Amino acid sequence: MARRLFSATRALLRAVPSPSPSSSAAAAAAAASLLPLLPCKRRRKLRKKLSSPRVAPIEPEAARRVPELDAVLDREAAFRFLARARSFLASLPPPHRIPLAEAGKLYRELGFPRGRSVSRAAARHPLLFHLPRVDSVPHLALTPLMCSLLEEERRLHDQLLPTRVRAVRKLLMLADHRRIPLAKLHHCRAVLGLPDDFRDRVREFPGDFRVAVDPDGRDVLELARWDPALAVSALERDFVVDERRVRRTFRFAVPHSRSMPLDAEDADRLDAATTFPLVSPYTSGALLRPWTPEAEKYRVGVVHEFLSLTLEKRALIHHIFEFKEELGLTRHMHASLRKQSRAFYLAGTEMNWAVFLRDAYGGDGDLREKDPLVLFNEKLRRYACMTKMDSSESIATAY
């Protein structure tokens, strides 16, 4: 009887057309729709997986989700191997290759799932990675096309270095004591658009940075001088251009009892009185009393300014909390950011979620203003999705 039930269930699953979800939340919803078709044991197992923080969406209300922004994280996950493998192989000395047996053990560094084949991950991008044999030993290596693209990326980083230095100076001005460990900047280099060798190049700017050693023996980057012209947040600039939009973006509500007869208009006036003025993120947060509206305004403003300094105006929460001590953030930031739903969008799962700046993205989930490095990454992804046949066809079409 059990065999009949399992075989019938498999037949039903084969009969159900496979969904093509545009996001991980849609995939979880599609999996949940199959629960009535499964036997009890498999149903309990699937329900347990769906309630796990690895799968459960950070935004529990489906009506508040934005599939276009959720799809941005899914795209990033799909190209994780491309991003990490190219950075790892580029850090190796020429000819930028590693034995395949050793590469199979570096699943974290190369960005492929543990227990999976690294050769299969490389085979998905045949124009960028190949598996040559050196002394009959297979290696993972970069193709000549990928090497030329990395050289183009290096030239682009050189052109954009003054812009990145300015962003790091603003980040140091946000930080407490105006210093950040260099290891943290290196860990978040892709989020901030910094080159891989930024730690070595900071000494080229003695007028802007100093490198010191903290009591823990870590190399820290210190701000050499304070620039009042840089101590202007993105919100303050937007406030000058469009005051009405900024006023609509944030709302720090005043809790009041139901016995206070306030209609919607009176409540909005009361909230506006407590929402403005906002607290500049370039002030010292240590001078503010904790758990006050001013302290919450400061922390929300710091996160907004940090995201405005990132390459794609978004960041994973563990990248933001990498600077928790320096930026004075607390573990209650999720509640604070969730209340500001007009300014931020939270996407991903409860274990690994990201924060988006809503105003930086259009309705199609695309950035309104793209950094040259973002355009380069898009071109790299187009090459990653092409096969050798597609490449030859595009060359033939060009001629």
Side-chain angles (χ1 to χ4, degrees), residues 69 71-92 96 106-112 121 125 128-129 142 146-147 149-172 174-175 180-202 221 303 305-324 326-327 347-348 352-357 360-361 365-367 369-384:
L69 296 183
V72 174
L73 293 186
D74 295 329
R75 182 191 63 205
E76 185 178 74
F79 291 103
R80 184 177 293 119
F81 175 78
L82 170 65
R84 294 189 183 179
R86 66 159 175 161
S87 178
F88 181 83
L89 292 176
S91 66
L92 301 178
H96 306 296
L106 303 175
Y107 58 92
R108 287 195 183 92
E109 291 81 358
L110 297 178
F112 64 94
H125 315 299
L128 306 179
F129 302 99
L142 303 175
M146 186 62 166
C147 292
L149 289 172
L150 290 179
E151 187 60 34
E152 179 184 347
E153 185 183 28
R154 291 190 194 97
R155 293 194 298 269
L156 191 59
H157 274 302
D158 291 339
Q159 296 172 9
L160 297 173
L161 191 58
T163 305
R164 303 296 184 248
V165 168
R166 180 178 181 274
V168 174
R169 288 177 63 194
K170 289 177 71 70
L171 185 59
L172 288 171
L174 289 174
I180 293 177
L182 275 170
K184 293 187 176 184
L185 289 173
H186 183 73
H187 177 67
C188 299
R189 63 190 183 280
V191 180
L192 299 169
L194 303 178
D196 290 342
D197 58 348
F198 184 77
R199 286 185 295 185
D200 303 324
R201 304 183 67 173
V202 292
L221 189 66
V303 173
E305 185 68 5
F306 175 82
L307 293 177
S308 69
L309 298 176
T310 58
L311 186 64
E312 298 188 26
K313 313 308 176 191
R314 62 180 174 89
L316 292 171
I317 189 61
H318 71 262
H319 284 140
I320 298 176
F321 266 72
E322 186 78 17
F323 306 99
K324 175 183 176 182
E326 290 79 11
L327 301 182
N352 191 22
W353 48 283
V355 187
F356 288 74
L357 279 183
Y361 286 82
D366 213 8
L367 277 169
E369 298 180 8
K370 295 185 178 181
D371 188 90
L373 192 58
V374 174
L375 297 175
F376 172 82
N377 290 333
E378 290 180 352
K379 181 175 75 171
L380 189 63
R381 288 173 184 145
R382 286 195 296 270
Y383 277 116

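Computed from a predicted model, the values in this text were never measured in an experiment.
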About how many Å separate CD of Glu76 and CZ of Arg381, when rounded to the nearest 0.5 Å? 7.5 Å
Using the test side-chain hydrogen bond (donor to acceptor under 3.5 Å, both in side chains), find all partners of Arg382 that sit at least two apart in sequence or belong to another chain. none
Phe356 CZ to Thr310 OG1 distance, which is reported to the nearest 0.5 Å: 10.0 Å
For a 4.5 angstrom cut-off between non-hydrogen side-chain atoms, does Tyr383 reach Leu82? no
May I ask you to decide if the ring planes of Tyr107 and Phe112 are parallel, tilted or perpendicular, using 30° and 60° as cut-offs? perpendicular
On a heavy-atom basis, the closest approach of Leu142 and Ala90 is CD1-N, 4.4 Å
What do the steps show when you test Leu89 against Phe129 for side chain to side chain contact (heavy atoms under 4.5 Å, CB included), and what is the final call? CA-CA 10 Å; Leu89 292 176; Phe129 302 99; 4.0 Å; yes
Does the distance from a Lys or Arg side-chain N to an Asp or Glu carboxylate O, for Glu151 and Arg154, drop under 4.0 Å? yes
Side-chain donor or acceptor of Lys184 paired with backbone N/O of Glu322 under 3.5 Å: yes
Taken to the nearest 0.5 Å, the spacing of Thr163 OG1 from Leu309 CG works out to 12.0 Å
Should Arg86 and Asp196 count as an ion pair when the cut-off is N to O under 4.0 Å? no
How close do Ala175 and Ile180 get, counting heavy atoms only, and between which atoms? CB-CG1, 3.9 Å
In the structure I gave you, are the side-chain heavy atoms of Glu312 and Tyr361 within less than 4.5 Å of one another anywhere? yes
Closest non-hydrogen atom pair, Phe88 against Glu109: CD1-CB, 4.0 Å
Working for side chain to side chain contact (heavy atoms under 4.5 Å, CB included), residues Val303 and Leu327: CA-CA 9 Å; Val303 173; Leu327 301 182; over 6 Å; no
What I'd like to find out is whether the side chain of Leu171 reaches to under 4.5 Å of the side chain of Glu326, using heavy atoms alone. no
Do Met146 and His125 have side chains that get closer than 4.5 Å, going by heavy atoms? no
Do Leu160 and Asp371 touch side chain to side chain, with heavy atoms closer than 4.5 Å? yes
Any Leu128 side-chain heavy atom under 4.5 Å of Leu149 side chain: yes
Does the Arg164 side chain pair with the main chain of Gly193, one donor and one acceptor, at a distance under 3.5 Å? yes
For Ala183, does its backbone N or O pair with a side-chain atom of His187 as donor and acceptor, under 3.5 Å? no
Under the side chain to side chain contact (heavy atoms under 4.5 Å, CB included) rule, what do Val165 and Arg201 come out as? Steps first, then yes or no, please. CA-CA 10 Å; Val165 168; Arg201 304 183 67 173; over 6 Å; no
Please give me the minimum heavy-atom distance between Arg199 and Leu182, naming the atom from each residue. CD-O, 3.9 Å
Under 3.5 Å, side chain of Arg189 to main-chain N/O of His186, donor-acceptor pair present? yes
Hey, what do you get for OG (Ser87) to CG (Leu150), rounding to the nearest 0.5 Å? 9.0 Å
For a side chain to side chain contact (heavy atoms under 4.5 Å, CB included) check, start with the C-alpha distance between Gln159 and Leu156, then their side-chain angles and the critical distance, and finish with the verdict. CA-CA 5 Å; Gln159 296 172 9; Leu156 191 59; 4.0 Å; yes
Please check if the side chain of Arg84 supplies one atom and the backbone of Arg108 the other of a donor-acceptor pair under 3.5 Å. yes
For the CG atom of Leu161 and the CG atom of Leu194, what is their distance to the nearest 0.5 Å? 9.0 Å
Can you measure from CZ (Phe306) to CG (Leu174) and round to the nearest 0.5 angstrom? 9.5 Å
Before giving the answer on salt bridge (charged side-chain N to carboxylate O under 4.0 Å, His left out), spell out for Glu369 and Lys313 the whole-Å C-alpha distance, their side-chain angles and the decisive distance to 0.1 Å. CA-CA 10 Å; Glu369 298 180 8; Lys313 313 308 176 191; over 6 Å; no
Do Val191 and Leu316 come within less than 4.5 Å of each other through their side chains, counting heavy atoms only? no
For Arg80 and Gly111, which heavy atoms make the closest approach, and how far apart are they? CG-O, 3.9 Å
Could you check if a side-chain atom of Leu380 sits within less than 4.5 angstrom of a side-chain atom of Glu153, using non-hydrogen atoms only? no
